[in-house]
Amino acid sequence: SLVVLFGATAGAYGAKLGSDERELILLVWQVVDLHSKKVGTLHKSLVKADNLDLSDQCREVSGLTPEGLGKAEPLDRVLQQFSQLVSSDLKVLGRSSYTLCSDGQLLIRQVLHPETSKKNFLLSDCFYSFYDLRKEFHTCYPSSAAVKDQTIKTMAEYLGLGTDEAEEDFGVWQVKTMVAIIFSMLSEGCNHVFTEPETVKYKYETGPCKGLKLTLASFLFSFFLCSSKSETVDSETVIRARGLPWQSSDQDIARFFKGLNIAKGGVALCLNSQGRRNGEALVRFVNSEQRDLALERHKHHMGSRYIEVYKATGEEFLKIAGGTSNEVAQFLSKENQVIIRMRGLPFTATQEDVLGFLGPECPVTGGKEGLLFVKYPDGRPTGDAFVLFSCEEYAQNALKKHKEILGKRYIELFRSTAAEVQQVVLNRYMSTPLIPTLPTPIIPVIPPPYTIATGSIRDCVRLRGLPYTAGIDDILEFMGDATGDIKPHGVHMVLNQQGRPSGDAFIQMKSADKAFMVAQKCHKKMMKDRYVEVFQCSGEEMNFVLMGGTLNRSGLSPPPCKLPCLSPPAYAAFQTAAVIPAEAAALYQPQALLPTARTPQASAAAPPTVTYYPAQAAQLYMNYTAYYPSPPVSPTTVGYIAAPPGAVAAAATATHTPILPQPGALVRMQGLPYNTGMKEILSFFQGYQYAPDDYNGLIQLSDQARSVLQAPKEWVCL
């Protein structure tokens with residue numbers, strides 16, 4: 001038997017049903033005996049929604065009113081009545097089992113399952129298997145329209161069924177027409193058989209993704225060299241979810257997509273460079289149809305937060321969830337386990353220490369085999385570990401030990417996923433420093449004709465309220481015709497302490513008049529979906545903000561330290577004569593980069609600056625690169641280009657031109673305490689011979705800056 005089911009929500013209707021996250025307000029159904037071709041009683045039930053504000057489309061199509069719905073039963077009671085009435089009708093027809101049949105998949109997958117999940121009650125088993133009448137119709141009549149273009153009306157018209165929608169109540173006509181279509185499909189000319197129903201997974205299956213269990217070597221080989229075709233993921237099945245609560249687990253994400261079938265191990269939580277969740281996840285579905293339905297949940301809510309859903313690629317998913325070392329594969333071989341991540345373990349902690357910390361109330365699956373310590377490529381422990389538990393009860397007991405003490409450190413415990421295990425371990429194997437080493441050798445390039453402005457002349461403008469996604473190109477487009485009045489390399493993005501755009505930028509104009517005109521013309525002009533405030537300011541005010549201070553209506557506020565913050569050497573410019581080797585001259589257009597001739601007085605007052613630029617950035621304005629930690633910097637003071645042959649020798653012969661030491665003459669220190677000063681670093685290397693001025697060899701420091709470096713520890717700002 002089939003139970004033909006139709007429903008409507010308080011919002012969108014038709015192809016957008018469920019996309020606006022509105023609640024169900026109507027259910028209509030009728031039992032059909034496929035063997036005797038008899039039908040049961042047609043039932044129509046209104047559903048009382050929590051929000052009775054009906055959309056205009058809903059009012060127009062359904063004719064329902066908030067007053068009428070206010071007298072109805074809530075969804076859980078209606079579903080109970082549904083089960084009782086269907087059982088009664090089946091008994092009358094002499095049948096005992098049934099399968100649902102709906103017009104498409106939206107009612108079941110996009111309305112019923114998500115809503116009941118949010119309201120925390122379970123659907124009966126009958127809602128996990130159903131027939132899609134549109135697919136069955138297309139199978140029976142291959143010459144009909146494509147499945148995605150089918151509606152109840154087009155199917156009826158194809159069969160020549162003469163039904164008048166206006167004669168029946170909303171929902172009743174739809175169910176009666178669906179029953180007539182089914183009887184036509186069962187006629188002697190077709191003899192259609194309903195054999196393969198659509199299914200909804202009861203729960204998300206954890207574990208390594210099927211077909212993606214690779215060794216580390218094979219993953220790296222196939223991913224970077226693109227030589228393996230077997231380890232691929234269809235890009236039409238992957239989405240990216242953004243804006244997730246940081247504590248959300250794979251099960252929480254699967255619940256958000258309730259009703260859609262996620263592939264086994266198909267939830268991959270994205271981590272930042274410190275191994276922490278960044279609020280994003282890649283989700284892989286079993287087919288493209290499920291992925292398309294997932295995209296319709298863009299800006300649906302998880303708790304009080306809305307989640308953005310975008311298309312992603314299989315390559316992105318494989319990068320996060322596809323790499324599995326042998327150690328990880330063995331750890332994850334026990335499926336359907338609850339995974340807990342431990343963070344902050346003492347580096348000397350052993351398996352016995354961790355098992356003792358967890359205690360007998362939360363036994364680890366397999367004892368020591370249920371522990372996985374995360375290590376750096378050189379074998380040093382990172383302080384992270386993953387633990388397997390056989391049931392939710394043991395995992396909950398473990399989570400109660402969050403921030404309890406092991407040794408002298410408190411331990412953080414979080415829910416985790418198989419994909420996170422793979423990603424964390426793989427990232428450690430491939431770990432690279434957060435601040436890349438300087439490529440050597442590098443060459444200085446002819447500087448821009450203007451240095452960063454100083455003084456009280458108001459020839460700069462400040463942009464406030466920029467979209468965080470805005471880049472240099474967006475700013476130039478925003479400036480319009482005034483772009484030609486910007487000093488070369490005069491766009492300065494202001495970054496926050498995390499190295500991310502702060503929403504502010506400073507632009508150096510060629511004169512105070514030009515700055516005034518820009519401020520008048522562009523103030524509160526729209527960039528993307530935000531308006532941007534534009535103020536005229538001086539170079540002194542700009543530099544003050546770039547050094548960490550604030551600029552507001554009440555004037556300048558000092559930086560959060562006694563002395564200006566110094567940028568790392570990577571951001572510095574050399575105050576020295578400009579040098580450019582002949583081999584590199586062809587890379588740049590002299591008209592764009594070479595300054596016009598200056599008077600000796602101007603040169604003496606503001607010596608030219610030698611800056612390093614990316615090889616691909618022969619343009620005047622370049623995107624910036626933010627390293628971590630990143631002070632506010634100009635986008636033009638970051639980047640490097642490789643030296644052509646003979647460039648180093650040419651640069652070395654230039655008078656007063658600083659040259660980086662040869663490979664092997666530099667060392668990098670990682671893991672420094674945050675309050676470390678220059679004195680501590682020099683003391684650490686006591687007994688070794690080093691160039692006395694190496695700590696400022698990359699930057700020709702002013703007397704003030706030199707005094708900061710040589711100041712007592714409590715004066716140094718880091």
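If you're wondering where the values come from, they're calculated on a predicted model, not measured in any experiment. Any value given below was found using the heavy atoms of this structure, including those in side chains, with hydrogens, waters and symmetry copies removed.
Under a 3.5 Å cut-off, the side chain of Asp384 and the backbone N or O of Arg343 do not form any donor-acceptor pair. Remark: the backbone N or O of Gly104 is paired with a side-chain donor or acceptor of Asp132 at under 3.5 angstrom.
Taking all atoms of both residues into account, the shortest heavy-atom contact from Glu21 to Lys299 is OE1-O, 4.0 Å. Shortest non-hydrogen contact noted between Phe130 and Thr99 is CA-CG2, 3.9 Å.
The existence of a salt bridge linking Glu316 and Lys311 is excluded, since no basic side-chain nitrogen approaches an acidic carboxylate oxygen closer than 4.0 Å. Using a 4.0 Å cut-off between charged nitrogen and carboxylate oxygen, Lys264 and Glu205 do not count as a salt-bridge pair.
Between Val31 and Tyr98 there is no side-chain heavy-atom pair separated by less than 4.5 Å. Here the side chains of Leu107 and Leu24 are in contact, with some heavy-atom distance below 4.5 Å. Looking at heavy atoms from C-beta onward, Val111 lies out of side-chain contact with Leu106 at the 4.5 angstrom threshold.
Counting non-hydrogen atoms of neighbouring residues, nucleotides and ligands closer than 6.0 angstrom, the OH atom of Tyr410 reaches no more than 12 such neighbours. The neighbour count for Arg530 CZ, taken as heavy atoms of other residues, nucleotides or ligands under 6.0 Å away, is above 12. Residue-environment remark: CG (Asn51) exceeds the threshold of 12 foreign heavy atoms within 6.0 Å. Open room surrounds NZ on Lys91; 12 or fewer heavy atoms of other groups in view lie less than 6.0 Å from it. Shown here is Phe121, whose CZ atom has more than 12 heavy atoms of other residues, nucleotides or ligands within 6.0 Å.
Summarising the geometry, atom CZ belonging to Arg77 is positioned 6.5 Å from atom CD belonging to Gln81; distances are rounded to the nearest 0.5 Å. Residue Lys401 holds its NZ atom at 9.5 Å from CG of Leu413, rounded to the nearest 0.5 Å. Distance check, rounded to the nearest 0.5 Å: CE of Met178 to CZ of Phe6 gives 8.5 Å.
Applying the side-chain hydrogen bond (donor to acceptor under 3.5 Å, both in side chains) criterion to Gln337, with sequence neighbours excluded, gives Thr365. Judged as a side chain to side chain contact (heavy atoms under 4.5 Å, CB included), and not counting sequence neighbours, the contacts of Phe183 are Val32, Lys37, Val39, Val179, Leu186. Contacts of Ser55 classified as side chain to side chain contact (heavy atoms under 4.5 Å, CB included), with partners at least two apart in sequence or in another chain: Gln57, Cys58.
Centroid-to-centroid, the aromatic rings of Trp29 and Phe82 come within less than 6.0 Å.
Residues Thr154 and Thr151 bring a donor and an acceptor atom of their side chains to less than 3.5 Å of each other.
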Before you tell me yes or no, could you show the steps for Ser102 and Leu133 under side chain to side chain contact (heavy atoms under 4.5 Å, CB included), namely the whole-Å CA-CA distance, both residues' side-chain angles and the distance that decides it to 0.1 Å? CA-CA 6 Å; Ser102 65; Leu133 182 58; over 6 Å; no
